[in-house]
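Both ligands and their constituent atoms are indexed starting at 1 by order of listing.
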Amino acid sequence: MFNVKKRDVMFTGIQPTGLLTLGNYCGTMCNWKTIQKTYQCFFCIADLHALTSRNNNYIKNSFSTTILDMVALYLSCGVNPNDSTIFVQSDVYTHSQLYWILSNFVYFGELSRMTQFKKKLSINKTRINLSLFCYPVLMAADILLYQTNCVSVGLDQKQHIELVQKIARRFNSIYGDIFIIPDILDFSRQCKIMALQEPTKKMSKSDNNINNTIFLLDSLDTIRFKLLHSLTDSDPLSRIKYDIFNKPGISNLLLILSFLTKKNISVLEDEFKNYRYFDFKEQLSDIVCDRILKIQKLYFKFRKDEDYLIDILRFGSKKSLIYSQKNFFNILQALK
Ligand code: TYM
């Protein structure tokens, strides 16, 4: 019925918990256009994961404003819906079913060691729900359900993906080669974009200080302001050098530039070796604004046509359901 070509599978997802950031873009989205040429791609809108933090104004409606904003941004970053699949996680019931099965193959100790969970626990000790604890198991279900060969995620998700691999191996060791062991795509493996004012912590959608985060839908003036005022290190002489321990601010800006230009950090260090911080930041702002302007132009075009966005989701959900049901059936058979 659906023409799913026999190619290796790439799976990725983003939570619809607010506006997407430059961290999301560098960590995964900036490569989406290219990876579609090689892989059969599934781009998930992970709304069930978003339920784990109930303070997010998550709306249980597949066609909510936030979800449609995300679809328009996915398209603006180059996802071709005729070739790849965009879908909402909660529209495809097999994800939650496999989640329950896989939760039998992961231990309490393993989930307790997840750094993202530990961080959330340290902030709020009393109101931690079970779903936050089990978050990586649902990720495992998302990924393993599609016989995924690789995932596109930033460095912050590395530990979760390693756990997914462990769960798959454990299952396979009992039931035979049921799951493919997924790997992280090389390009994003090392990507962790840090907060602009506090470059020792991750850039995040939910940061209280908006100057820490560049949103893909920020105005260009705002983006320029945030970058020009980003915290840099107080060396007596400006040195554009990658050194995350002694120069986290400049290192973070170099990392952003490296992901946007696809140039190695060492090449950039050389290119900017005679620049003052301010001039470097100006150049970086030009490059970031140029890229984001292209995304925004496409975004506003796609976002106007809601029927088109809804059609993409309807088609994507059907396709993901059919594709995943086949794999899910094989998993159930193995358990019998
Ligand atoms: P989320 O929404 O937290 O992040 C989505 C993607 O953006 C990347 N990312 C970053 N990369 C670099 N620097 C940053 N500052 C930064 N902030 C975010 C994340 O690494 C991620 O790739 N739990 C997943 C969503 C998900 C998923 C999946 C991903 C659900 N199921 C299955 C892959 C496969 C998450 O991190 O969402």
Side-chain angles (χ1 to χ4, degrees), residues 9-32 35 39 41-53 56 58 66-67 70 73-74 77 85 87-90 92 95-96 98-99 102 114-117 119-120 131-132 134-146 148-165 167-168 182-185 187-196 198-207 212-216 244 248 251-253 255-256 258-260 320 324:
V9 171
M10 192 291 304
F11 189 99
T12 192
I14 303 186
Q15 297 182 64
T17 45
L19 297 170
L20 301 188
T21 70
L22 189 63
N24 298 128
Y25 184 74
C26 292
T28 174
M29 301 173 92
C30 69
N31 225 38
W32 285 4
I35 49 182
Y39 295 96
C41 294
F42 288 90
F43 297 100
C44 175
I45 297 175
D47 62 337
L48 293 175
H49 278 104
L51 274 176
T52 54
S53 31
N56 292 308
Y58 169 72
T66 321
I67 301 265
M70 299 244 327
L73 273 171
Y74 280 22
C77 290
T85 310
F87 73 101
V88 178
Q89 189 184 30
S90 64
V92 183
H95 289 246
S96 0
L98 183 58
Y99 156 76
L102 294 181
M114 293 294 111
T115 45
Q116 281 204 357
F117 173 73
K119 245 181 230 159
K120 298 229 160 113
S131 61
L132 203 58
C134 300
Y135 183 106
V137 189
L138 183 57
M139 268 183 86
D142 295 342
I143 296 167
L144 298 178
L145 193 52
Y146 291 80
T148 297
N149 301 85
C150 64
V151 284
S152 166
V153 286
L155 185 61
D156 60 319
Q157 294 300 312
K158 182 169 174 259
Q159 197 189 24
H160 288 161
I161 304 300
E162 284 168 355
L163 185 62
V164 174
Q165 294 169 332
I167 295 173
D183 209 350
I184 303 182
L185 269 180
F187 95 95
S188 60
R189 216 178 260 283
Q190 299 306 336
C191 183
K192 187 170 179 190
I193 304 301
M194 309 306 264
L196 295 177
E198 293 157 80
T200 47
K201 72 172 198 191
K202 189 177 88 168
M203 180 182 283
S204 148
K205 289 170 194 162
S206 52
D207 204 307
N212 268 334
T213 307
I214 291 185
F215 294 97
L216 295 181
I244 39 170
S251 301
N252 189 34
L253 301 183
L255 195 67
I256 293 173
S258 164
F259 275 93
L260 293 186
S320 306
S324 64

Exercise for review: Compare all side-chain heavy atoms of Phe11 with those of Met139 and state whether any distance is below 4.5 angstrom.
Suggested key: no

Practice item. Check whether any N or O atom of Lys192, backbone or side chain, sits under 3.5 Å from an N or O atom of ligand 1, and answer yes or no. Key: no

Exercise for review: May I ask you to identify the nearest protein heavy atom to atom 2 (O) of ligand 1, giving residue, atom name and distance to one decimal place in Å?
Suggested key: Gln15 N, 3.0 Å

Study note, to complete from the structure: d(Met70 CE, Thr17 OG1) to nearest 0.5 Å is 7.5 Å

Review point. With a 4.5 Å limit on heavy-atom distance, are the side chains of Leu144 and Val164 in contact?
Key: yes

Revision key, fill the gap. Heavy-atom proximity to atom 20 (O) of ligand 1, picking from Leu48, Asp156, Leu145, Asn252, points to Asp156

Check your understanding: Considering all heavy atoms of both residues, which atom of Gln165 and which atom of Pro182 are nearest to each other, and what is their separation?
Key -> NE2-O, 2.8 Å

Point to revise | Any donor-acceptor pair under 3.5 Å from His49 side chain to Tyr135 backbone | key: yes

Point to revise | Within-cut-off N or O pair, Thr28 and ligand 1, under 3.5 Å | key: no

Point to revise | Which of the ligand 1 atoms, numbered from 1, are nearer than 4.0 Å to a heavy atom of Gly154 | key: 11 (N), 19 (C), 20 (O), 22 (O)

Check your understanding: Could an N or O of ligand 1 be found under 3.5 Å from any N or O of Gln89, whether backbone or side chain?
Key -> no

Review point. Short list, please: which atoms of ligand 1 are under 4.0 Å from a heavy atom of Ile143?
Key: 32 (C), 34 (C)

Review point. Does the side chain of Lys202 come within less than 4.5 Å of Gln116's, by heavy atoms?
Key: yes

Exercise for review: Take Ser131 and Thr52 through the side chain to side chain donor-acceptor pair (under 3.5 Å) test and state the conclusion after the steps.
Suggested key: CA-CA 6 Å; Ser131 61; Thr52 54; 5.3 Å; no

Revision key, fill the gap. for atom 25 (C) of ligand 1, nearest protein heavy atom and its distance come out as Gly13 O, 3.3 Å

Review point. So do the side chains of Ile161 and Ile143 get within less than 4.5 Å of each other, counting heavy atoms only?
Key: yes

Check your understanding: Any chance NZ of Lys205 has more than 12 other-residue heavy atoms, nucleotides or ligands included, within less than 6.0 Å?
Key -> yes

Point to revise | Any Cys191 heavy atom less than 4.0 Å from ligand 1 | key: yes

Review point. Out of Met194, Gln157, Met29, who gets a non-hydrogen atom closest to atom 21 (C) of ligand 1?
Key: Gln157

Review point. Which atoms of ligand 1 sit under 4.0 Å from any heavy atom of Met203?
Key: 15 (N), 17 (N)

Exercise for review: Compute the shortest N/O to N/O distance between Asn24 and ligand 1 and return yes if it is under 3.5 Å, no if not.
Suggested key: yes

**Study point:** Gly23-ligand 1 polar pair, N/O distance under 3.5 Å
**Key:** yes

Check your understanding: Can you find a pair of side-chain heavy atoms, one from Cys41 and one from Trp32, that are under 4.5 Å apart?
Key -> no

Practice item. Would you mind checking which non-hydrogen protein atom is closest to atom 35 (C) of ligand 1, with the distance to 0.1 Å? Key: Tyr135 OH, 3.7 Å

**Study point:** Selected option - heavy-atom contact closest to atom 13 (N) of ligand 1, from Thr12, Ile193, Thr17
**Key:** Ile193

Revision key, fill the gap. Ligand 1 atoms nearer than 4.0 angstrom to some heavy atom of Val153 are 20 (O), 22 (O), 29 (C), 33 (C)

**Study point:** atom 31 (N) of ligand 1: the protein heavy-atom neighbour that sits closest, reported with distance to 0.1 Å
**Key:** Asp142 OD2, 2.7 Å

Check your understanding: Does Phe117 have its ring centroid less than 6.0 Å away from the ring centroid of His160?
Key -> no

Review point. Does an N or O from Thr21, backbone or side chain, lie closer than 3.5 Å to an N or O of ligand 1?
Key: no

Exercise for review: Go through ligand 1 atom by atom and flag the ones less than 4.0 Å from a non-hydrogen atom of His49.
Suggested key: 30 (C), 31 (N)

Point to revise | Close N or O approach (Lys202, ligand 1; < 3.5 Å) | key: no

**Study point:** Close side-chain approach of Tyr25 and Ile193, heavy atoms under 4.5 Å
**Key:** no

Check your understanding: Roughly how far apart are Ile256 CD1 and Met203 CE, rounded to 0.5 Å?
Key -> 5.0 Å

Check your understanding: Does Lys205 come within less than 4.0 angstrom of ligand 1, counting non-hydrogen atoms of the residue?
Key -> yes

Review point. Phe11 to ligand 1: N or O pair under 3.5 Å?
Key: no

Practice item. Could you tell me whether the side chain of Tyr99 reaches within less than 4.5 Å of the side chain of Leu48, counting heavy atoms only? Key: no

Point to revise | Element-labelled atoms of ligand 1 that are located less than 4.0 Å from some non-hydrogen atom of Ala46 | key: 30 (C)

